[in-house]
Amino acid sequence: MNIKKYLGTALACVLLGAVLAGCGGEEKGKTAENKDLPIGVLAHLNASEEQYNEFAKQAEKQYSKPGQFAHKFIYYDNLNAMEMALSAGKIKEMSTYKSVADYLIMRNGEFVISDHGGRVLADAFCCALSAQESELKAQFDQVIDDMKKDGTLKALADTYITGLKDGAEPPAVELPRLDGAGTIKVGVTGDLPPLDLVLPDGKAAGFSTAVLAELSRRVGKNVEIVNIDSAARASALTSGKVDVVFWVAVPADGGFLPGNADTPQGIVVTKPYYEDVIVHVTKK
Amino acid sequence: MEFLELCQRIFLQNGAWATLLRGAEATVQITAWSLLLGTVLGAAVCFCRLAAFAPLDWAARAYIALLRGSPVLMLLMLLFYGVMAGTDFAPETVAILAFGLNTSAHVAELLRTALSALPRGEVEAARTLGFSRWQAFRYVTLPQLVRLMKPVYQSTVVNLMQWTSVVGYVTITDLTRVINNMASRTMQPMLVISVGMLIYLLMAYAVYGLFALSDLWEKRQKAGEGL
């Protein structure tokens with residue numbers, strides 16, 4: 001009876017291994033010849049995929065060599081899925097932020113940034129709040145301006161983004177502990193290092209978290225962090241279960257899409273605290 | 001060796017293993033409480049489903065149809081971000097409620113099919129022998145029911161445990177959430193998710209092991225009684 005069970009388990013493991021290895025092996029051959037593979041993009045929260053397809057098509061015309069791209073995109077809910085798709089050869093490139101690409105390449109030698117030349121697009125990083133929190137949003141906007149002026153944002157970026165050398169573990173973020181102050185509930189996903197990640201000890205960290213800790217400290221509030229699946233962020237905000245989530249907005253000067261194209265009804269977005277260029281990562 | 005070093009760095013350093021354990025603990029806790037709620041509620045629903053009073057039967061049928069036919073993630077989202085958004089219940093409580101409700105529908109059906117497989121004559125025989133209604137249930141129906149249910153019930157438990165992997169949607173950090181966070185931070189999703197799968201597999205086999213132990217215990221009991 002027991003031996004049967006062990007054998008069963010062993011067989012299951014072997015099968016699993018074969019399936020996993022099979023997927024990787026089979027796709028490798030295809031990648032080299034297939035130029036029409038789609039490009040992976042992280043799904044935006046509210047704008048439809050059709051809207052983004054249109055936007056991406058226009059954006060590509062700005063690159064130097066037209067026809068260089070397949071006009072086909074696949075949208076992923078999180079970076080893990082997109083990275084696995086790239087590994088398996090399901091997509092030829094993934095579109096992500098420079099800071100994220102650097103972080104990825106430092107930890108996984110499989111990948112490299114591919115240079116397309118031409119126009120470089122950038123996205124802005126903001127906080128999103130429920131529309132009822134307009135007072136807090138105004139305070140945040142003010143403090144973000146201050147932090148830009150006094151160099152705090154730059155210093156934080158140095159510590160949490162550019163300071164990460166040789167795959168070092170990102171530093172922890174100290175959350176404000178103010179006696180008797182109100183609490184802001186923040187939903188983090190841990191899905192976009194080095195901006196939003198969770199440390200081995202389970203604590204949220206990353207540049208965006210550090211900025212938010214400083215923002216709350218300056219407006220005199222404590223922070224409570226909850227970890228949430230990226231797909232549930234909009235529901236969490238609009239239902240009032242969390243007060244703030246990190247948001248990426250298309251800059252208004254992009255010319256293709258209005259800056260708030262992705263912002264759902266009932267949600268307001270602060271001024272950007274960071275801008276990062278979009279790069280394409282591919283397999284070596 | 002490089003691979004082992006990578007594993008050591010990802011899963012052991014800086015308390016990563018403790019975070020994994022905490023995630024697994026959250027998964028087990030939600031599973032256990034949902035199972036308790038689901039089983040008790042399921043028995044009640046099954047009772048209604050078999051009731052002679054027609055409206056009760058119909059209500060139970062509707063309840064089972066609704067909950068068994070809809071994805072539990074939708075129910076969870078609706079409860080947490082909709083119906084119970086204004087309340088102060090902990091996300092864990094709402095998750096236990098959602099998974100408990102869903103499980104109850106499955107348990108109710110499971111109980112009903114098991115009951116229908118039992119010969120009615122035995123209860124009648126017990127009653128004519130002077131057993132009370134309760135005694136007939138306790139000594140004639142229940143032991144057979146448990147034996148009939150067990151194989152399917154253990155699948156229900158394991159299924160339930162796997163379904164709880166979506167509680168990350170309602171701000172709970174369970175095993176899946178920890179695994180995803182870890183995969184993102186280390187940028188090694190293939191490896192980390194494989195290990196996550198292995199942990200779920202181990203937990204599933206722990207459940208099967210418990211059921212196998214209870215079978216063994218039952219056999220011993222019987223041998224002791226000289227049956």
Side-chain angles (χ1 to χ4, degrees), chain A residues 1-2 5 9 12-13 16-17 20 23-24 78-84 87-88 100 103-108 110-111 167 169-170 185 187-194 196-206 225-242, chain B residues 6 9-23 73 76-78 80-88 91 94 165-174 176-194 197-198 201-202 205 208-209 212 215-216:
Chain A
M1 182 70 189
N2 266 338
K5 247 179 209 165
T9 316
C13 288
L16 177 72
L20 288 178
C23 291
N78 58 54
L79 201 64
N80 284 335
M82 189 157 74
E83 193 189 330
M84 284 162 87
S87 271
V100 179
Y103 184 96
L104 167 66
I105 288 161
M106 240 192 284
R107 278 158 186 78
N108 198 329
E110 221 187 317
F111 305 111
E169 204 70 79
K185 208 164 178 185
V188 306
T189 65
D191 272 346
L192 202 67
D196 176 356
L197 62 97
V198 175
L199 291 177
D201 63 2
K203 295 218 170 72
I225 289 187
V226 289
N227 200 315
I228 188 172
D229 202 283
S230 14
R233 281 184 297 169
S235 309
L237 259 193
T238 45
S239 68
K241 283 288 173 187
V242 304
Chain B
L6 184 68
R9 210 173 57 232
I10 295 177
F11 300 111
L12 298 178
Q13 259 176 23
N14 301 322
W17 60 274
T19 310
L20 272 173
L21 266 185
R22 277 204 301 277
L73 175 58
L76 182 63
M77 295 283 277
L78 278 178
F80 190 71
Y81 293 122
V83 181
M84 296 170 79
T87 61
D88 269 340
V94 182
S165 60
V166 297
V167 293
Y169 279 83
V170 295
T171 73
I172 300 173
T173 306
D174 70 325
T176 300
R177 220 41 242 144
V178 171
I179 288 290
N180 283 341
N181 285 336
M182 215 170 236
S184 293
R185 180 176 51 79
T186 59
M187 292 290 185
Q188 299 283 353
M190 214 53 151
L191 174 62
V192 178
I193 290 172
S194 301
M197 204 166 155
L198 220 68
L201 203 66
L202 281 178
Y205 269 85
Y208 292 138
D215 281 344
L216 213 66

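In what follows, chains carry the letters A, B, and so on, assigned in the order in which the sequence lines appear, proteins first and then strands, with residues in each chain numbered from 1. The figures that follow rest on heavy atoms only: side chains count, while hydrogens, waters and symmetry mates do not. Keep in mind the model is a prediction, meaning the values are calculated, not measured.
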Report task. Check whether any side-chain heavy atom of B:Met190 lies under 4.5 Å from a side-chain heavy atom of A:Ser87, and answer yes or no. Result -> no

Considering only heavy atoms, which portion of [X] lies under 4.5 Å from any heavy atom of chain A: side chain, backbone, both, or neither?
| X | answer |
| --- | --- |
| B:Ala18 | neither |
| B:Ile193 | side chain |
| B:Arg22 | side chain |
| B:Phe11 | neither |

At a heavy-atom distance under 4.5 Å, which candidate from [options] has the highest pair count against chain A?
| options | answer |
| --- | --- |
| B:Thr19, B:Thr186, B:Asn181 | B:Asn181 |
| B:Val178, B:Thr171, B:Asn180, B:Val192 | B:Thr171 |
| B:Met182, B:Gln188, B:Arg177 | B:Arg177 |

Query raised in the report: Quick one: of A:Asn80, A:Asp191, A:Val242, who has the most non-hydrogen atom pairs under 4.5 Å with chain B?
Result: A:Asn80

Query raised in the report: In terms of heavy-atom pairs under 4.5 Å, which option from A:Thr189, A:Asp196, A:Leu197, A:Asn78 contacts chain B the most?
Result: A:Thr189

Nearest atoms (heavy-atom pairs only) where [X] meets [Y]:
| X | Y | answer |
| --- | --- | --- |
| A:Arg107 | B:Arg185 | CD-O, 3.6 Å |
| B:Asn14 | A:Pro200 | O-CB, 3.4 Å |
| A:Pro193 | B:Ser184 | CG-O, 3.2 Å |
| B:Tyr81 | A:Ser239 | CD2-OG, 3.1 Å |

With only heavy atoms counted, which part of [X] is less than 4.5 Å from chain B, the side chain, the backbone, both or neither?
| X | result |
| --- | --- |
| A:Glu110 | neither |
| A:Val198 | both |
| A:Leu79 | side chain |
| A:Thr238 | neither |

